[in-house]
Amino acid sequence: MNTYDTVMKLALERGFYFPSCEIYADAHAGFWEYGPTGNNLKNKFIELWRRELLRRDDMIEIDGSQIMSKSVFVASGHLDNFTDPIIKCKKCGATFRADRFITEKTGKEIPELLSGNEIDKIINEYKLRCTRCSGSFHESERFNMMFKVEIGPSKEEAYLRPETCQTIFVGFPRIFKTMRGRLPLAVAQLGKSFRNEIAPRQSLFRLREFYQAEIEVFCNPNRLNELPKFDQVKDTPLLLSIKNSSHSVNAEDAIRKGYLPNKLVAYYISLLSLFYSKTGINMERTRFRQLSDEEKAFYASTAFDFEVETSIGWIELVACNYRSDYDLKRHGEISKQNLHVIDPSDNTKVLPHLFELSMGIDRSIYSILDHSYYEDTEAERVVLKLVPQLAPVLVGVFPLVTKDGLREKAQNIYSELKLDYSAFYDESGSIGRRYRRLEEIGAPFALTVDNQTMKDDTVTIRYRDTMLQERVKVSEISVFLDANK
RNA sequence: GCGACGGUCGUCCAGUUUGGUCUAGGACAUCAGAUUGCCAAUCUGGUAACCCGGGUUCAAAUCCCGGCCGUCGCACCA
């Protein structure tokens with residue numbers, strides 16, 4: 001079994017994640033649920049995100065609505081660009097991207113937004129047939145990857161957001177005013193997004209409903225190098241992949257050598273890198289890869305993907321896009337609102353540009369599990385080497401035996417700890433089995449109450465990775481945990 | 001969405017070829033009890049599955065059809 005399969009198995013067995021609606025035969029692909037263990041891990045990941053990115057950089061966080069009106073997506077471009085024209089063969093049912101198919105067969109360059117009628121006309125004109133079975137085609141259709149919803153009895157058209165950032169953009173004027181914003185201003189949001197993927201696959205990787213954590217940095221495009229706080233991160237080591245060649249440089253040199261365009265971009269990429277290095281992901285198996293023009297999203301002018309190498313290949317965890325003024329300009333035009341703000345540093349009116357960090361939470365969670373999974377063949381055990389901050393359970397509390405008052409002593413210790421730490425109590429079976437179960441969900445510490453505890457009020461504390469134990473006074477447990485969490 | 005292959009306890013697997021002996025078996029996990037008392041020990045007992053729907057048949061886990069899910073390939077991937 002490869003690591004993907006073993007992680008999948010562990011996820012199912014230990015309650016990390018599992019298919020949504022799985023007891024029903026009509027459950028659809030692309031929907032997954034976090035079980036108790038995975039939910040703890042995800043919550044701790046998010047808490048680390050808040051600490052290492054939002055609080056560190058004084059960002060502000062909002063929580064926007066998942067259903068948004070049609071106009072939002074007229075403005076954002078998703079209604080047009082998120083739609084693919086497709087043609088289906090009448091005979092064998094094969095489906096093709098209409099525009100690509102025509103270009104390939106006729107050599108004709110097709111404008112991206114050709115109407116269905118025009119596509120059908122060209123198909124007839126050139127007598128195009130299915131490449132697989134030579135069948136003729138149905139009339140062309142459009143497949144939109146957004147989920148449409150109907151609002152109220154009149155069924156007004158609206159959509160589930162395909163990316164969380166749109167709520168940040170449309171909320172920007174009020175957020176900026178009420179929070180007395182100054183550029184650059186970073187607004188963050190954690191929430192769900194929805195994409196009607198044609199072929200969702202590989203559990204947490206290609207989902208139809210998924211978590212994003214997005215950070216939108218509103219900035220003055222004329223001041224991208226005026227950023228004093230850049231000095232705090234200028235020595236951050238970065239692995240950059242530019243046009244297929246790798247560069248290991250610090251943030252300052254990355255700018256000097258032209259790999260990164262400016263201090264603002266370099267600053268946030270550095271913060272992101274520092275954040276991920278604290279999640280337990282092996283940073284030597286990551287890279288920031290600059291996207292080619294063909295790979296970039298329709299709104300991005302410069303784009304880097306933060307990628308991580310897992311057992312199923314290199315995976316994009318974060319899209320770092322310089323979106324320029326694309327979004328605010330479009331929302332300004334369509335809504336007819338003025339989205340300009342004053343930059344008090346030179347008293348000019350400016351339509352902010354945007355640099356975004358668009359993080360996939362579910363993929364990050366998988367990557368952390370993938371990099372943490374460890375089979376200790378010598379001790380015949382499976383260990384998730386999660387960093388203590390992310391462990392679903394921080395500490396297990398076990399009585400060595402249940403008699404002679406050890407059970408009650410252990411239960412007392414557990415009661416003392418459980419409000420402040422993710423603690424877990426277990427007295428069933430042998431002590432070794434309890435240790436094994438605990439390390440499979442990545443708990444870094446186990447406390448065991450034994451006979452000596454009753455004499456000197458100390459317990460053993462066992463380290464997950466080394467299996468070594470030492471004694472610590474019951475009164476010092478919190479001190480230990482605080483120092484190691 | 002197309003194609004190939006697959007879907008049996010929580011997990012992995014046996015049974016499907018050749019319909020009946022399957023009231024579906026095993027291992028691990030899990031629960032209860034006993035025992036031991038610091039690393040998945042032992043013993044006893046228990047819980048627990050044929051993906052869903054239809055068809056053929058005296059009889060379907062097994063054959064047929066449809067759907068759903070999974071893996072892989074193609075396509076897609078803001």
Side-chain angles (χ1 to χ4, degrees), chain A residues 1-2 4-6 8-15 18-31 35 73 76-84 86-89 91-97 100-101 130-133 141 143-146 162-163 165-166 193 195-203 205-208 212 291 295-300 303 305 312 315-316 319 321 323 326 356 358 360 376 379-382 398-404 406 428-440 446-452 459-462 464 466-469:
Chain A
M1 281 220 280
N2 63 30
Y4 174 78
D5 291 327
T6 51
M8 188 70 230
K9 185 179 166 185
L10 185 68
L12 289 171
E13 284 185 341
R14 294 290 178 220
F18 54 91
S20 185
C21 311
E22 65 176 336
I23 65 167
Y24 284 104
D26 66 349
H28 288 287
F31 300 92
F73 303 109
S76 73
H78 284 93
L79 269 179
D80 289 333
N81 292 303
F82 222 49
T83 322
D84 293 333
I86 53 173
I87 43 175
K88 279 186 191 168
C89 172
K91 201 165 140 198
C92 72
T95 309
F96 301 90
R97 264 284 290 269
R100 296 198 181 181
F101 189 81
C130 174
T131 40
R132 195 179 309 176
C133 72
E141 306 168 34
F143 179 74
N144 194 302
M145 298 241 284
M146 286 196 294
E163 49 181 13
C165 57
Q166 293 303 328
S193 292
R195 297 178 190 180
N196 202 356
E197 295 283 352
I198 295 171
R201 242 168 233 195
Q202 286 171 318
S203 60
F205 272 104
R206 187 92 71 82
L207 296 165
R208 288 185 167 131
Q212 286 188 306
L291 298 190
E295 292 175 294
K296 283 188 311 196
F298 61 86
Y299 49 66
D305 276 355
I312 55 175
I315 296 298
E316 172 197 342
N321 295 311
R323 302 175 73 123
Y326 175 86
E356 78 172 356
S358 174
D376 183 346
E380 288 184 45
R381 59 185 195 138
V382 166
F398 306 148
L400 184 61
V401 297
T402 51
K403 57 192 178 189
D404 300 332
L406 299 194
S428 75
S430 73
I431 191 75
R433 181 176 294 278
R434 284 177 265 163
Y435 289 146
R436 291 292 189 274
R437 268 198 295 255
L438 205 58
E439 56 205 16
E440 276 194 14
L447 304 174
T448 303
V449 170
D450 57 12
N451 286 308
Q452 194 180 327
V459 294
T460 64
I461 184 151
R462 175 189 184 269
R464 174 194 66 199
T466 59
M467 299 196 286
L468 296 175
Q469 286 175 292

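Just the heavy atoms: all of them, side chains too, but no hydrogens, waters or symmetry mates, feed the values below. Naming: A, B, ... by sequence-line order, numbering from 1 per chain.
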query: Considering only heavy atoms and no angle criterion, is a donor-acceptor pair shorter than 3.5 Å present between the side chain of A:Arg206 and the base of B:G70?
result: no
- request: Write down the distance separating the P atoms in B:U42 and B:A27, rounded off to the nearest Å.
  value: 12 Å
task: Given side chain to side chain contact (heavy atoms under 4.5 Å, CB included), test A:Cys165 with A:Arg323 step by step and report yes or no.
output: CA-CA 11 Å; A:Cys165 57; A:Arg323 302 175 73 123; 3.6 Å; yes
query: Whole-Å distance between B:G67 C1' and A:His28 NE2?
result: 11 Å
- request: For B:A48 versus B:A24, give the span between their P atoms, rounded off to a whole number of Å.
  value: 11 Å
message: Please give the distance between the P atoms of B:A41 and B:C28 as a whole number of Å.
response: 10 Å
query: Taking atom types as modelled and ignoring hydrogens, do the side chains of A:Tyr326 and A:Ser76 form a donor-acceptor contact shorter than 3.5 angstrom?
result: no
message: Need one value for A:His78: base, sugar-phosphate or nothing, where a base atom within 4.0 Å counts as base even if backbone is also close, heavy atoms only.
response: base
query: Quick one: A:Tyr24 OH to B:C52 P, roughly how many Å, whole number?
result: 13 Å
Rounded interatomic separation in angstrom, taking CE from A:Met8 and P from B:C72: 12 Å
message: Output the rounded distance in Å from CD1 (A:Ile23) to P (B:C50).
response: 13 Å
- request: Using a 4.0 Å heavy-atom cut-off across all strands, classify A:Tyr4 as base, sugar-phosphate, or nothing.
  value: sugar-phosphate
field: Residue closer to the 5' end of RNA chain B, A:Leu12 versus A:Arg208 (nearest nucleotide)
entry: A:Leu12
- prompt: Are any of the side-chain nitrogens in A:Glu197 or A:Arg208 under 4.0 Å away from the carboxylate oxygens of its partner?
  reply: no
statement: Whole-Å distance, A:Arg201 CZ to B:G3 P, equals 13 Å
For A:Leu291, side chain to side chain contact (heavy atoms under 4.5 Å, CB included) partners two or more places apart: A:Arg289, A:Glu295, A:Lys296, A:Ala303, A:Asp305
- request: Could you measure between the two C1' atoms, the one in B:U47 and the one in B:A4, and give it in whole Å?
  value: 39 Å
task: Return yes if a side-chain donor-acceptor contact under 3.5 Å exists between A:Glu163 and A:Ser193, otherwise no.
output: no
- prompt: Considering Watson-Crick and G-U wobble pairs with both distances under 3.5 Å, what does B:U21 pair with?
  reply: none
- prompt: Rounding to a whole Å, what distance do you find between A:Glu197:CD and B:C69:P?
  reply: 14 Å
message: Between B:C72 and B:G67, how many Å separate the two P atoms, rounded to a whole number?
response: 22 Å
task: May I ask you to decide whether A:Arg464 forms a salt bridge with A:Glu439, counting only side-chain N to carboxylate O separations under 4.0 Å?
output: no
message: Categorize A:Pro19 for me: base, sugar-phosphate, or nothing, with a 4.0 angstrom heavy-atom threshold over every strand shown.
response: nothing
- request: Return the nucleotide paired to B:A59: Watson-Crick means purine N1 to pyrimidine N3 with N6-O4 or O6-N4, wobble means G-U with N1-O2 and O6-N3, both under 3.5 Å.
  value: none
- prompt: With both distances under 3.5 angstrom, what nucleotide forms a Watson-Crick or G-U wobble pair with B:A32?
  reply: B:U44
- prompt: When rounded to the nearest Å, what value does the distance between C1' atoms of B:U23 and B:A60 take?
  reply: 16 Å
message: Measuring only between side-chain heavy atoms, which start at C-beta, is A:Arg462 closer than 4.5 Å to A:Leu468?
response: no
- prompt: Taking atom P of B:U11 as reference, at what distance in whole Å does atom CZ of A:Phe18 sit?
  reply: 12 Å
message: If I take atom CD in residue A:Glu22 and atom P in nucleotide B:A49, what distance separates them, rounded to the nearest angstrom?
response: 14 Å
task: Searching all strands shown, indicate the nucleotide that pairs with B:C2 (Watson-Crick or G-U wobble; both distances under 3.5 Å).
output: B:G73
message: Protein within reach of the bases, or only the backbone? For nucleotides 27-42 of chain B, mark each nucleotide 5' to 3' as B, S or -, using heavy atoms under 4.0 Å.
response: --SS------BBBBS-
Any side-chain heavy-atom pair of A:Val459 and A:Thr448 under 4.5 Å: no
message: Less than 4.0 angstrom between a side-chain N/O of A:Gln202 and OP1 or OP2 of B:C72, yes or no?
response: yes
message: Between B:G1 and B:A61, how many Å separate the two P atoms, rounded to a whole number?
response: 30 Å
query: Which base sits across from B:C39 as a Watson-Crick or G-U pair, both distances under 3.5 Å?
result: none
- request: Write down the distance separating the C1' atoms in B:G25 and B:A14, rounded off to the nearest Å.
  value: 7 Å
Between CZ on residue A:Phe18 and OG on residue A:Ser203, distance to nearest 0.5 Å: 13.5 Å
